[in-house]
Engineer: 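Before I ask anything, let me first share the structure, which is written out below as structure tokens.
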Amino acid sequence: MPYTAELKKLIKTVESTRAVRVERKKRGEEFPAIPVDQRSDILQKFHPDYREGNRKEIRVGPSKGYAISKEIVTLLEAKSRVDPAKIDLSEVDIETDILVLGGGGAGNAAAIIASERGAKVLVATKLRNGDANTMMAEGGIQGADKTWKDSPYYHYLDVLGGGHFSNNPELVYTLVTEAPKVLSWLEKLGTMFTKYPDGTMRSLHGGGTCRKRMHYAGDITGAEIMRTLRDETRNKRDKITVLEFAPAVELLLDTDGRCAGAVLYNLETEEYIIVKAKAVVIATGGSGRLHIQNFMTTNHYGATGDGLVLAYRAGVPLCFLHTVQYHPTGAVFPEQAEGLLITEKVRGAGANVVNIHGEQFVFEREPRDVEAAAIIRECSEERGNGVPTPTGKFGVWLDSPMIDMLEGEGTIKREFPGKTILFNRYGIDISRDPMLIYPTLHYQNGGLEINSDCETNIPGLFAAGEVAGGIHGENRLMGNSLLDVCVFGRIAGKTAANYVKNIGKQGKLSIDHVKKYNKEVATLKQADTPVSPMVLPDYSNPDVRKRQLTSNYVGTIR
Amino acid sequence: MSEKSQSTNPPAEIVPIYILGKRYDVPASLTIQKAMEYAGYQLIRGCGCRGGICGACGTIYRFPNDSRLHFGLACQTVVEPNMYLTQIPFFPGNKAVYDIEAIEPTGVEIVRQYPEVVKCMGCNACTESCPMDIKVMEYMSAAINGDVKRTAELSFDCVMCGLCSSRCPAEEVQYNIAILARRLNAKYLTPKAKHLEDRVKQIDEGRYEVMLRDVMKADPAELRRLYIETRQMEPAMADEMWEPEDKRFL
Ligand SMILES: Cc1cc2nc3c(=O)[nH]c(=O)nc-3n(C[C@H](O)[C@H](O)[C@H](O)COP(=O)(O)OP(=O)(O)OC[C@H]3O[C@@H](n4cnc5c(N)ncnc54)[C@H](O)[C@@H]3O)c2cc1C
Ligand code: SF4
Ligand code: SF4
Ligand code: FES
């Protein structure tokens, strides 16, 4: 749907201030950033994390008493999908050295590295391999590799500043020192980074960076990395088997308390599969599809936080889950594109964020939480400067046409081909008209507690990627997650491969931890005990479900 | 507040669509994907990113008395009255297994990996079926002509949905040929980033060890000071070779 007449009129206001804003930018004058010590004010008043009634204490399990979003708490205070008494562990269906859960960036990186170290790997994933948040990343991947202006020191400080200095220092150290190695690995695998003719990487700013270190592959960086890694996984078919549409619903331990496999659910035949493994890598990604506080989300269909639930039941503590990342710029118009991410690179390339009066109200490269809070404030009753959409929502303008004015005609089309095509489908030319945006649920900042070898507190259980916490502290900067999944995915693969070489004899398979957990959940005496992991969100029509008289749903799925 | 995800507000105009030949009445503002859910499907196949990039949701549709087929991604295409649609969530495709370190960036190599590439008869059915508006036939002919770089560039936006392949009379697997070309192009035909190699060496030599261990030990107040005082901002409009004044931490 092209812009309505009302919106077109409002766009005129944006146009009327554009020339001046472009001139200011050319002179290097930026809208003043919010001072570091004043960030918490705006966050506490306007960031959704701090909204009254959002957080709730978990009442069971290893992180009992920790207050996080209630949508996640519901899944943690839930019983298992399948009655553990029904699971017959004497009949193992598949045996492997390493079981990797999740076919995203972290899962594929782990599988590739583990297989190169001689391990036999099974990748079990919920949808197809590559149906994952990694595929959706657009903006880029950080790495301090410009020797004349950048270094891991600056990268380190930027990561910490973004995370409000709460990050786990060891994990950040690993992230920033491994970054150039990961970029080099990806280059060697044949990832088509956008480069200068002499091979120098092109790079841009992102929110919270002091140096331009956002490397990219057009505006589909994640897809380019994902499909390259997936292709490599497929090339290693002698070592790596991929099982699709087979999400894990429970972990298995052995009688010595080490992780020893998982129970998978075949989404098509609805049967449960027992996998015995010497080690398990959890790489199940994030949880945007929980629609925390009813926010729209950028995440893929399978992002339901399953890995958190599985590992938590087995005894892995959680960290940094008290903050959730809302991406400042999700589309609010047209309706069909709602929630869709508009990459931060648009702001990195110079586009201002402006209100209904065509005025700037925030520096466009604040860390994400600060930027999102500022946009929410602008649309709040207090300020009342939001742009109303035809569906009764509010947004602000992201002034993309500035980019062509700053960098030359055709820049938008060249640097943002994906978004150009997409908006063209709706009759909107983003090189001439701005986009209407509002914050959207984007990233799970925290997760399972790991160390820099990706070990959890359970021997044989490793975690990497969005499912893990600590690297980004309370707020992740753009471009550090694609990096994180490659860095820690590789490390998990390596650590797991080393681990399986010396584990000696495994004890007998056990699912007692789930029985115990279910008992603990039962003590809460909830009227209607929920079931988890969720596996898929429920988007089907409730009226239809009401008429499915003989179907039996456990949680959201049959 | 701009919240709530899957809303279908406000009660919109209702149109008939035919999923696998069966009629359902759905709101006209929905994408095909959301319309299937509205009709009562719980999607398992044919739904991945919901954002137009994973290629899980390739869909073929046509209208009564219309001689032409139409192609789209279900998550991106808005329903139209009387469309007859089917998803192609999977289409069997041949994938060559290769060692990227041991092959060459040439047309000969592509033919070695995918001998069928030369069977392309130039019918253009692939281009006509591509939901990403990629000139598929052109990248295929570039591949046949040994122009690996052009194949890579023309196919860059490919989401590997397989629709082209499902329509190809020569039984080509265009998207797999394309990714081979992209990997070859990036690895062998594009110069390596020299600065990246240099930086990896510096890290391996331990250049940042002391520097980083020091900041890691800094207390919160000191960290904030370093954050504010030592991070000179590279100006947005600075050119690539910009250098900071303070070179102690490089
Ligand atoms: C729209 C979007 C844009 C982004 N842009 C950027 C960017 O520009 N730069 C950046 O650095 N980061 C970006 N991110 C973040 C980044 O892409 C992700 O955080 C990261 O890729 C996560 O990788 P992962 O491997 O941990 O998880 P994913 O890539 O999400 O993979 C998880 C996998 O696990 C599977 N899975 C889930 N549950 C189960 C289960 N129970 N059993 C088995 N498998 C399961 C999923 O289906 C999926 O295949 C973006 C994210 C989104 C959504
Ligand atoms: S080239 Fe083929 S596989 Fe790629 S997007 Fe187009 S139709 Fe789909
Ligand atoms: S559909 Fe097949 S035969 Fe026809 S042009 Fe495309 S690749 Fe060639
Ligand atoms: S669901 Fe991924 S492209 Fe449509």
Side-chain angles (χ1 to χ4, degrees), chain A residues 28 36 127-128 131 135-136 145-149 151-154 156-157 161 165 169 173 177 180-181 183-184 190-192 195 198-201 210-212 218 223 227 231 234-235 237 267 291 294-297 300-301 332 335-336 339-340 350 391 393-395 417 422 438 539-541 544, chain B residues 2-6 9 29 31 37-38 40 42 44 47-54 56 78 95 97-98 100 152 156-157 160 179 182-184 186-187 190-196 198-200 203 208 211-212 215-216 220 223 226-228 231 233-237 241-244 249-250:
Chain A
V36 180
L127 302 162
R128 304 173 314 163
D131 292 348
M135 191 62 106
M136 307 183 75
D145 60 347
K146 302 277 170 88
T147 46
W148 56 96
K149 62 180 171 190
S151 81
Y153 170 87
Y154 293 108
Y156 183 92
L157 279 181
F165 305 101
Y173 167 87
T177 51
K181 297 181 205 170
L183 291 173
S184 166
T191 310
M192 252 171 88
K195 291 179 166 184
D198 71 349
T200 302
M201 297 268 193
C210 68
R211 301 293 143 87
K212 295 182 187 166
R227 61 198 182 187
D231 195 59
R234 288 177 179 163
N235 281 344
R237 71 176 59 145
L267 279 171
H291 293 293
N294 272 333
F295 263 84
M296 51 186 192
T297 185
H300 86 288
Y301 189 40
V332 265
E335 192 191 348
Q336 297 84 17
L340 220 72
T391 55
K393 303 182 173 181
F394 287 95
L422 182 87
Y438 193 81
Y539 295 147
S540 61
N541 187 334
V544 176
Chain B
S2 173
E3 297 167 340
K4 193 65 207 163
S5 50
Q6 305 295 312
N9 59 67
S29 64
T31 57
E37 291 172 335
Y38 180 89
Q42 176 158 50
I44 290 176
C47 179
C49 65
R50 303 178 76 96
I53 187 70
C54 77
V78 177
K95 152 91 179 95
V97 171
Y98 44 82
I100 192 75
F156 187 70
D157 288 321
M160 306 181 83
I179 193 171
R182 285 196 302 273
R183 291 188 65 184
L184 289 174
K187 184 173 171 64
T190 312
K192 284 211 164 41
K194 172 83 174 42
H195 56 90
L196 190 50
D198 296 346
R199 178 46 54 81
V200 170
I203 291 174
Y208 301 100
M211 223 183 281
L212 284 171
V215 252
M216 286 166 74
L223 253 182
L226 293 173
Y227 183 76
I228 295 165
R231 284 166 67 256
M233 187 64 75
E234 177 176 356
M237 300 305 290
M241 298 314 291
W242 174 86
E243 289 181 16
F249 303 107
L250 292 180

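This one's a predicted model, so the numbers in the text were calculated from it and none came from an experiment. So that the names make sense, note that chain A is the first sequence line, chain B the second, and so on, each numbered from 1.
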Engineer: Take A/Arg237 and B/Lys95 through the test side chain to side chain contact (heavy atoms under 4.5 Å, CB included) and record every step on the way to the result.
Structural biologist: CA-CA 11 Å; A/Arg237 71 176 59 145; B/Lys95 152 91 179 95; 3.5 Å; yes
Engineer: Using non-hydrogen atoms only, which part of B/Leu226 is less than 4.5 Å away from chain A: side chain, backbone, both, or neither?
Structural biologist: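 Both the backbone and the side chain of B/Leu226 come within 4.5 Å of chain A.
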Engineer: Under a 4.5 Å heavy-atom cut-off, does chain A meet the side chain of B/Leu250, its backbone, both or neither?
Structural biologist: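 For B/Leu250, heavy atoms of backbone and side chain both lie under 4.5 Å from chain A.
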Engineer: Under 4.5 Å from any heavy atom of chain B, what part of A/Arg234 do you find: side chain, backbone, both or neither?
Structural biologist: both
Engineer: Heavy-atom distances under 4.5 Å only: say whether A/Leu157 touches chain B with side chain, backbone, both or neither.
Structural biologist: both
Engineer: Using heavy-atom distances under 4.5 Å, tell me whether B/Leu184 contacts chain A through its side chain, its backbone, both, or neither.
Structural biologist: neither
Engineer: Backbone N or O of B/Val78 within a donor-acceptor pair of the B/Thr31 side chain at under 3.5 Å?
Structural biologist: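 Answer holds: no.
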Engineer: Tell me, please, which residues at least two apart from B/Trp242 pass ring pair (Phe, Tyr, Trp, His ring centres under 6.0 Å).
Structural biologist: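 Once residues adjacent in sequence are excluded, B/Trp242 has no partner under the ring pair (Phe, Tyr, Trp, His ring centres under 6.0 Å) criterion.
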Engineer: Using non-hydrogen atoms only, which part of B/Ile203 is less than 4.5 Å away from chain A: side chain, backbone, both, or neither?
Structural biologist: side chain
Engineer: Which region of A/Arg211, side chain (C-beta onward) or backbone (N, CA, C, O), has a non-hydrogen atom less than 4.5 Å from a non-hydrogen atom of chain B, or is it both or neither?
Structural biologist: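 For A/Arg211, backbone and side chain are both near chain B.
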Engineer: Is it the backbone or the side chain of A/Leu267 that comes under 4.5 Å from a heavy atom of chain B, or both, or neither?
Structural biologist: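 When you check distances to chain B, atoms from both the backbone and side chain of A/Leu267 fall under 4.5 Å.
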Engineer: Give, as side chain, backbone, both or neither, the part of A/Asp231 having an atom under 4.5 angstrom from any heavy atom of chain B.
Structural biologist: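 When you check distances to chain B, atoms from both the backbone and side chain of A/Asp231 fall under 4.5 Å.
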Engineer: Where on A/Pro417 is there a heavy atom nearer than 4.5 Å to chain B: the side chain, the backbone, both, or neither?
Structural biologist: side chain
Engineer: Which atoms of B/Pro235 are under 4.5 Å from chain A, going by heavy atoms: the side chain, the backbone, both sets, or neither?
Structural biologist: backbone
Engineer: For A/Thr200, is it the side chain, the backbone, both, or neither that has a heavy atom closer than 4.5 Å to a heavy atom of chain B?
Structural biologist: both
Engineer: Could you pull out the closest heavy-atom pair between B/Gly52 and B/Cys49, with the gap in Å?
Structural biologist: N-SG, 3.4 Å
Engineer: Where on A/Lys195 is there a heavy atom nearer than 4.5 Å to chain B: the side chain, the backbone, both, or neither?
Structural biologist: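 Only the side chain of A/Lys195 comes within 4.5 Å of chain B.
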